[in-house]
Amino acid sequence: MTFAATILTLYPEMFPGPLGVSLAGRALEQGKWSCDPVQVRDFATDKHRTVDDTPAGGGAGMVLKVDVLAAAVDHALAQQPDCPVLAMTPRGVPLTQERIRALAAGPGVTILCGRFEGFDERIFETRPVEQVSLGDIVLSGGEPAALALLDACIRLLPGVMGAASSGAEESFEEGLLEYPHYTRPNEWEGRTIPEVLRSGDHAKIAAWRKQRSEEDTRLRRPDLWERYGNARGRPASGAQREMKEPDQ
Ligand code: SAH
């Protein structure tokens, strides 16, 4: 099955862009996903092909016109009726690996990319468009966010990643950050790889990795750590207070 990516954008030449090389590029060649950038400007109706106008109420910048956006979304829905439509906006729900997994398991995704100040709000009131965000940062356009979202989906498609298991242990999959990695040389600038990783004792290695996963999540991402604890029915904050320093 081909994962159908449709991107509604003022800059279709940005696609597949970086997704045309490496893992995603190979998957595109193999037909594991398809990339269909659609020029939003083609849905403008006046002779100047206007896509934006000044914000109601005043202020800086321009706003994408709802009639043009709706025509583009309707076109995508007619082409790909089973694909969810996601609009990229800092006002949206932050994307999670869980959401990415759900999208990757489906038929594809249609992504509406903003520019300027963003969208006329009525597009969300009148069309089945879900607002999602890449995080608490402000980009100049939705395209880099769309590329990031697609990259995250594509690597999960069947047969795209090398080792079949390499998705399972990653950051967020268990509600934790992944443990740190090391590779040869064993000693570099006076620092060695933790002894346990070279012990060959798989149970000890697994225990070390789990401990580092939990500790790093607790220190770096208290929000994830809290959720992880709650999901296990115990408060996360006190659970690892006695944790000893990881083996070095
Ligand atoms: N005025 C808007 C920002 C507009 S940035 C605000 O303050 O909320 C222009 C476009 O870039 C947006 O319409 C959106 O499509 C995209 N964009 C910017 N930041 C983003 C983010 N964190 N996630 C997803 N898309 C983003």
Side-chain angles (χ1 to χ4, degrees), residues 3-19 24 33 35-44 49-77 79-80 83-104 106 108-156 171-172 177 220-221 223-224 227:
F3 181 85
T6 307
I7 307 100
L8 308 178
T9 170
L10 291 171
Y11 299 97
E13 65 274 23
M14 287 192 185
F15 297 88
L19 300 181
W33 69 288
C35 183
D36 184 20
V38 175
Q39 173 57 272
V40 168
R41 197 173 291 281
D42 290 347
F43 298 90
R49 306 217 300 159
T50 309
V51 295
D52 57 343
D53 206 339
T54 53
M62 299 295 273
V63 177
L64 289 168
K65 284 163 59 60
V66 69
D67 53 334
V68 179
L69 292 171
V73 168
D74 290 345
H75 166 82
L77 284 170
Q79 298 289 311
Q80 302 286 354
C83 293
V85 184
L86 271 52
M88 292 297 168
T89 163
R91 285 167 46 84
V93 176
L95 283 165
T96 60
Q97 188 62 16
E98 193 182 357
R99 185 77 184 95
I100 294 291
R101 273 210 180 272
L103 287 171
V109 63
T110 295
I111 306 176
L112 179 59
C113 300
R115 280 274 153 181
F116 323 119
E117 288 309 312
F119 312 101
D120 184 314
E121 187 67 14
R122 290 169 293 181
I123 189 64
F124 307 117
E125 297 163 7
T126 57
R127 295 296 184 278
V129 178
E130 184 185 334
Q131 299 175 70
V132 300
S133 165
L134 202 61
D136 294 345
I137 57 171
V138 180
L139 304 166
S140 59
E143 291 79 7
L147 289 167
L149 183 154
L150 289 174
D151 179 272
C153 290
I154 291 160
R155 63 190 287 283
L156 296 180
S171 290
F172 313 118
L177 301 179
R220 295 171 183 207
R221 292 294 301 273
D223 56 325
L224 288 185
R227 238 179 296 154

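Just so you know, ligand 1 is whichever comes first in the structure, and atom 1 is the first atom listed for that ligand.
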Quiz prompt | Phe116: numbered ligand 1 atoms lying under 4.0 Å from its heavy atoms | solution = 4 (C), 5 (S), 9 (C)
Quiz item: Closest heavy-atom contact between Pro16 and Leu147?
Solution: O-CD2, 3.7 Å
Quiz item: By number and element, which atoms of ligand 1 are closer than 4.0 Å to a non-hydrogen atom of Leu134?
Solution: 21 (C), 22 (N), 23 (N), 24 (C)
Quiz item: Hey, is atom 7 (O) of ligand 1 touched by any protein heavy atom at less than 4.0 Å?
Solution: no
Practice problem: Verify the distance criterion only: is there a donor paired with an acceptor across the side chains of Thr9 and Glu143 at less than 3.5 Å? | Solution: yes
Quiz item: Against heavy atoms of Gly118, which atoms of ligand 1 measure under 4.0 Å?
Solution: 13 (O)
Quiz item: In Å, rounded to the nearest 0.5 Å, how long is the span from CG of Asp36 to OG1 of Thr6?
Solution: 5.0 Å
Practice problem: Quick one: look at Ala145 and ligand 1, take heavy-atom pairs under 4.0 Å, and tell me if it's side chain, backbone, both or neither. | Solution: side chain
Quiz item: If you measure every N/O of Ile137 against every N/O of ligand 1, is any gap under 3.5 Å?
Solution: yes
Practice problem: Ignoring angles and geometry beyond distance, decide whether Gly114 reaches within less than 3.5 Å of ligand 1 through its nitrogen or oxygen atoms. | Solution: yes
Quiz item: Closest non-hydrogen protein atom to atom 14 (C) of ligand 1, residue and atom name please, with distance?
Solution: Met88 O, 3.0 Å
Quiz item: Under 4.0 Å from any heavy atom of Glu117, which atoms of ligand 1 are there?
Solution: 1 (N), 2 (C), 4 (C)
Quiz item: Should the pair Phe119 and Phe124 be assigned to parallel (<30°), tilted (30 to 60°) or perpendicular (>60°) ring geometry?
Solution: perpendicular
Quiz prompt | Gly135 N/O to ligand 1 N/O under 3.5 Å | solution = yes
Self-check item: Closest to atom 17 (N) of ligand 1 (judged by heavy-atom distance), picking from Cys113, Gly61, Ala60, Pro90
Solution: Pro90
Exercise. Just do the side chain to side chain contact (heavy atoms under 4.5 Å, CB included) check on Arg101 and Cys153 with the steps written out, would you?
Key: CA-CA 7 Å; Arg101 273 210 180 272; Cys153 290; over 6 Å; no
Quiz prompt | CG/Asp223: more than 12 non-hydrogen atoms of other groups inside 6.0 Å | solution = yes
Quiz item: With a 4.0 Å heavy-atom cut-off (strictly under), which part of Ala87 contacts ligand 1: side chain, backbone, both or neither?
Solution: neither
Quiz prompt | Test side chain to side chain contact (heavy atoms under 4.5 Å, CB included) applied to Leu149 and Ile100, step by step | solution = CA-CA 7 Å; Leu149 183 154; Ile100 294 291; 4.2 Å; yes
Quiz item: What atoms of ligand 1 come closer than 4.0 angstrom to any heavy atom of Ser140?
Solution: 9 (C), 11 (O)
Quiz item: Would you say Leu139 has any N or O atom under 3.5 Å from an N or O of ligand 1, going by distance alone?
Solution: yes
Quiz item: In the protein, which heavy atom is nearest to atom 24 (C) of ligand 1, and how far is it?
Solution: Thr89 N, 3.5 Å
Practice problem: Nearest 0.5 Å please: distance from the CG atom of Leu86 over to the CZ atom of Arg99. | Solution: 5.5 Å
Exercise. Would you name the heavy atoms of Ala60 and Pro55 that are closest together and state the gap between them?
Key: O-CG, 3.7 Å
Quiz item: Any chance CD of Glu98 has more than 12 other-residue heavy atoms, nucleotides or ligands included, within less than 6.0 Å?
Solution: no
